[in-house]
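The structure appears right after this line, and notes come after that.
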Amino acid sequence: SMLTQSSTLNLDFVRQHFPALAGDWVFFDNAGGSQILKPVVDRITEFLYESNVQLGASYAVSQRATERVAAGSAAMAKFINAADPAEVILGPSTSALLRMLAQCFRPTLEPGDEIIVTNADHEANISPWTELERDGIVVKTWRVNPTTFELELDELEALLTPRTRLVAVTHVSNVLGSVNPVRAIADLVHAHEALLCVDGVAFAPHRRVDVQALDVDFYTFSLYKVYGPHQALLYGKKELLLALPGYNHYFIDDTAIPYKFQPGGSSYELSYSLTAIAEYFESLAQHHGLATGSDPIDRAFDLIQAHEGELNQRLLSFLRDRPKVKIIGRDTADPTQRVSTISFVVEGLSSDQVPPLLDAHKIGIRYGHFYALRLIEDLGLLPNQGVVRVSMVHYNTVEECDRLIEQLKGVL
């Protein structure tokens with residue numbers, strides 16, 4: 001039967017995929033880690049009970065294990081629209097993958113070469129690059145305008161020189177929630193013959209990642225924030241990965257990508273479980289009658305974006321009305337401009353005082369610097385114990401948002 005097209009996300013359908021949501025808690029610290037899809041957990045179990053052997057042997061169980069791990073990489077390549085599954089490197093965390101990338105990148109640099117980082121990134125995409133200063137690499141910082149909270153393109157342009165080799169930037173700040181114009185950044189960086197490394201951790205749970213449309217050279221995010229297991233993904237353009245020195249044993253061929261960047265291989269059961277993430281987004285499009293004639297993953301994220309716009313509107317309009325509250329980031333609810341990661345500070349209150357007031361009501365939020373310590377310092381928010389952050393994702397309901405607002409009324 002023809003499904004009727006619906007542009008409103010069906011939250012009952014969404015939430016039945018997440019067993020953890022059946023309890024009493026409202027989860028509003030999703031930017032630190034999301035709840036996991038039941039089909040992901042099922043596949044972890046399936047792998048461990050049916051195919052938990054080493055890859056690449058001749059016997060049938062090993063062949064099945066090899067196929068399953070490959071299916072995980074292929075599913076992720078499809079999820080981010082990579083041209084080739086070999087461009088998908090899997091590893092334990094975004095922090096670990098960026099450290100690995102910087103170490104492999106280092107031999108390609110000469111003293112005096114320049115790298116640009118921002119002061120708005122999670123530390124994972126800063127330290128691995130600033131530490132190259134020990135080898136004579138010059139590191140410059142692209143700073144957020146402290147008044148508008150924006151990373152401005154003309155500020156980046158002023159930092160770029162013929163010696164710039166790499167620019168490291170976040171797609172969405174995990175504190176500010178603003179969507180940075182990655183394609184425009186990529187075009188500018190490439191015009192200066194440098195490479196772009198993007199941390200997509202705070203973007204990927206909310207919007208479609210299309211590495212080809214963005215024209216990024218490297219792109220990374222954590223799968224445990226995208227409804228999956230504790231694992232992460234690093235995309236690199238194939239010709240760059242082939243040219244980089246590897247991170248694995250000396251006898252692993254330089255053409256063996258992604259394996260030359262995966263010492264010990266990836267976690268097999270977690271890699272296989274990733275097939276269920278891509279399928280979930282496809283099933284969302286299908287359930288809403290949006291899967292025909294275009295990319296179903298794109299359509300699923302259209303639904304998610306619209307729903308997040310509603311959550312943004314709900315929380316931001318409440319926060320804007322409280323005279324003691326200052327929103328740290330764009331105060332627009334427009335879901336093309338920001339994701340539903342919303343940070344604020346309260347006049348007269350230290351940020352660490354707010355979350356405990358919600359604990360008794362079974363609403364989980366958090367305060368702090370969220371590993372974006374440089375940003376919190378530069379905005380002068382460290383003495384205040386950082387910001388209060390509410391990070392909502394598509395499985396959160398307007399009712400949950402209203403529960404939070406009800407409790408915040410007494411606090412703010």
Side-chain angles (χ1 to χ4, degrees), residues 31 98 113-127 129-130 138-204 206-207 209-211 213-221 312 316 320 326-345 369-382 386-387 389:
L98 285 167
D113 281 351
E114 295 170 8
I115 289 178
I116 298 171
V117 297
T118 81
N119 70 337
D121 272 77
H122 184 288
E123 195 61 26
N125 201 26
I126 303 177
S127 301
W129 308 115
T130 56
V138 177
V139 179
K140 299 175 173 180
T141 306
W142 179 16
R143 293 182 186 280
V144 163
N145 176 326
T147 319
T148 62
F149 303 116
E150 297 295 323
L151 281 171
E152 289 156 4
L153 278 175
D154 53 359
E155 293 286 322
L156 172 60
E157 182 122 46
L159 294 171
L160 288 159
T161 77
R163 296 294 314 254
T164 310
R165 294 290 167 261
L166 180 101
V167 175
V169 68
T170 186
H171 200 156
V172 165
S173 154
N174 71 335
V175 169
L176 304 173
S178 321
V179 181
N180 291 317
V182 166
R183 179 58 201 246
I185 295 169
D187 292 345
L188 179 57
V189 167
H190 293 150
H192 286 78
E193 296 183 352
L195 299 173
L196 180 63
C197 175
V198 176
D199 170 359
V201 168
F203 180 86
H206 305 278
R207 304 290 179 268
V209 175
D210 183 335
V211 291
L214 293 168
D215 197 24
V216 287
D217 300 297
F218 303 104
Y219 194 98
T220 182
F221 61 90
N312 286 348
L316 286 167
R320 275 193 217 109
K326 180 175 170 61
I327 295 159
I328 304 299
R330 295 178 189 166
D331 77 351
T332 174
D334 178 350
T336 64
Q337 296 294 305
R338 64 138 57 247
V339 300
S340 47
T341 298
I342 296 168
S343 297
F344 60 93
V345 290
H369 59 68
F370 300 101
Y371 286 64
L373 180 58
R374 296 165 201 253
L375 179 64
I376 295 298
E377 282 177 338
D378 289 353
L379 296 176
L381 297 173
L382 206 56
V387 295
R389 186 179 76 177

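Residue numbers run from 1 in the order of the sequence given.
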Notebook entry, point to check: Do you know which two heavy atoms are closest between Ile376 and Gly386, and how far apart they sit?
Noted result: CG2-CA, 3.9 Å
Check: Atom CD in Glu152, atom CG in Asn145: separation rounded to 0.5 Å?
Finding: 4.5 Å
Note to self: Let me confirm one number: the CH2-CG distance from Trp142 to Leu159, rounded to the nearest 0.5 Å.
What the structure shows: 9.0 Å
Notebook entry, point to check: salt bridge (Lys or Arg N to Asp or Glu O under 4.0 Å) with Arg338: which residues, sequence neighbours excluded?
Noted result: none
Next item on the list: Without swapping roles, check the side chain of Ser343 against the backbone of Ile328 for a donor-acceptor pair under 3.5 Å.
Entry: no
Next item on the list: Using the side chain to side chain contact (heavy atoms under 4.5 Å, CB included) rule, take Val172 and Arg207 through it: C-alpha gap first, then chi angles, then the decisive distance, then the call.
Entry: CA-CA 10 Å; Val172 165; Arg207 304 290 179 268; over 6 Å; no
Check: Between His190 and Asp215, which heavy-atom pair has the shortest distance, and what is it?
Finding: CE1-O, 2.9 Å
Checklist line | Atom pair CG/OG1 of Leu195 and Thr164 - distance to nearest 0.5 Å | finding: 11.0 Å
Next item on the list: Check step by step if side chain to side chain contact (heavy atoms under 4.5 Å, CB included) holds for Val179 and Thr336.
Entry: CA-CA 7 Å; Val179 181; Thr336 64; over 6 Å; no
Notebook entry, point to check: Step by step, would you call Phe149 with Leu379 a side chain to side chain contact (heavy atoms under 4.5 Å, CB included)?
Noted result: CA-CA 9 Å; Phe149 303 116; Leu379 296 176; 3.9 Å; yes
Note to self: Can you give me the closest heavy-atom contact between Asn312 and Ala333, atom names plus distance?
What the structure shows: ND2-O, 3.2 Å
Checklist line | Exam field: side chain Asp217 to backbone Cys197, donor-acceptor pair closer than 3.5 Å | finding: no
Next item on the list: With rounding to the nearest 0.5 Å, note down the distance linking CG in Leu160 to CD in Glu114.
Entry: 9.0 Å
Checklist line | Contacts of type side-chain hydrogen bond (donor to acceptor under 3.5 Å, both in side chains), residue Glu150, not counting sequence neighbours | finding: Arg330
Notebook entry, point to check: Closest approach of Thr161 and Lys140, non-hydrogen atoms and distance?
Noted result: CG2-NZ, 3.3 Å
Notebook entry, point to check: Applying salt bridge (Lys or Arg N to Asp or Glu O under 4.0 Å), which residue pairs with at least one partner in residues 160-181 are found, sequence neighbours left out?
Noted result: Asp113-Arg163, Asp113-Arg165
Note to self: Is there a side-chain contact between Leu214 and Val198 in this structure, where contact means two heavy atoms from C-beta onward sitting under 4.5 Å apart?
What the structure shows: no
Notebook entry, point to check: Just by modelled atom types, is the Asn174 backbone N or O under 3.5 Å from a matching donor or acceptor in the Arg389 side chain?
Noted result: yes
Please report, to 0.1 Å, the donor-acceptor pairs under 3.5 Å made by any side chain of residues 115-124, with sequence neighbours excluded.
{"from": "Thr118", "atom 1": "OG1", "to": "Ala120", "atom 2": "N", "distance (Å)": "2.9"}
{"from": "Thr118", "atom 1": "OG1", "to": "Asp121", "atom 2": "N", "distance (Å)": "3.0"}
{"from": "Thr118", "atom 1": "OG1", "to": "Asp121", "atom 2": "OD1", "distance (Å)": "2.5"}
{"from": "Asn119", "atom 1": "OD1", "to": "Val144", "atom 2": "N", "distance (Å)": "2.9"}
{"from": "Asn119", "atom 1": "ND2", "to": "Asp378", "atom 2": "OD2", "distance (Å)": "2.9"}
{"from": "Asp121", "atom 1": "OD1", "to": "Thr170", "atom 2": "N", "distance (Å)": "3.1"}
{"from": "Asp121", "atom 1": "OD2", "to": "Asn125", "atom 2": "ND2", "distance (Å)": "3.1"}
{"from": "Asp121", "atom 1": "OD2", "to": "Thr170", "atom 2": "N", "distance (Å)": "3.1"}
{"from": "His122", "atom 1": "ND1", "to": "Ala124", "atom 2": "N", "distance (Å)": "3.0"}
{"from": "Glu123", "atom 1": "OE1", "to": "Arg374", "atom 2": "NE", "distance (Å)": "2.9"}
{"from": "Glu123", "atom 1": "OE2", "to": "Ser127", "atom 2": "OG", "distance (Å)": "2.4"}
{"from": "Glu123", "atom 1": "OE2", "to": "Arg374", "atom 2": "NE", "distance (Å)": "3.3"}
{"from": "Glu123", "atom 1": "OE2", "to": "Arg374", "atom 2": "NH2", "distance (Å)": "2.6"}

Next item on the list: Could I get the full list of side-chain hydrogen bond (donor to acceptor under 3.5 Å, both in side chains) partners for Lys326, not counting sequence neighbours?
Entry: none
Item checked: ring pair (Phe, Tyr, Trp, His ring centres under 6.0 Å) involving Tyr219 - partner list, sequence neighbours excluded -> His171
Notebook entry, point to check: So, for Ala202 and Val339, which heavy atoms are closest and what is the spacing to 0.1 Å?
Noted result: O-CG2, 3.9 Å
Notebook entry, point to check: Can you find a heavy atom in the side chain of Val216 that is under 4.5 Å from one in the side chain of Val182?
Noted result: yes
Check: Taking NZ, NE, NH1 and NH2 as the nitrogens, is one of them in Glu155 or Arg143 under 4.0 Å from a carboxylate oxygen of the other?
Finding: no
Next item on the list: Any chance you could lay out the side chain to side chain contact (heavy atoms under 4.5 Å, CB included) test for Phe218 and Leu98, step after step, and finish with the verdict?
Entry: CA-CA 10 Å; Phe218 303 104; Leu98 285 167; over 6 Å; no
Next item on the list: Please determine which of Leu188, Asp187, Asn180 meets the side chain to side chain contact (heavy atoms under 4.5 Å, CB included) test together with Leu153.
Entry: Leu188
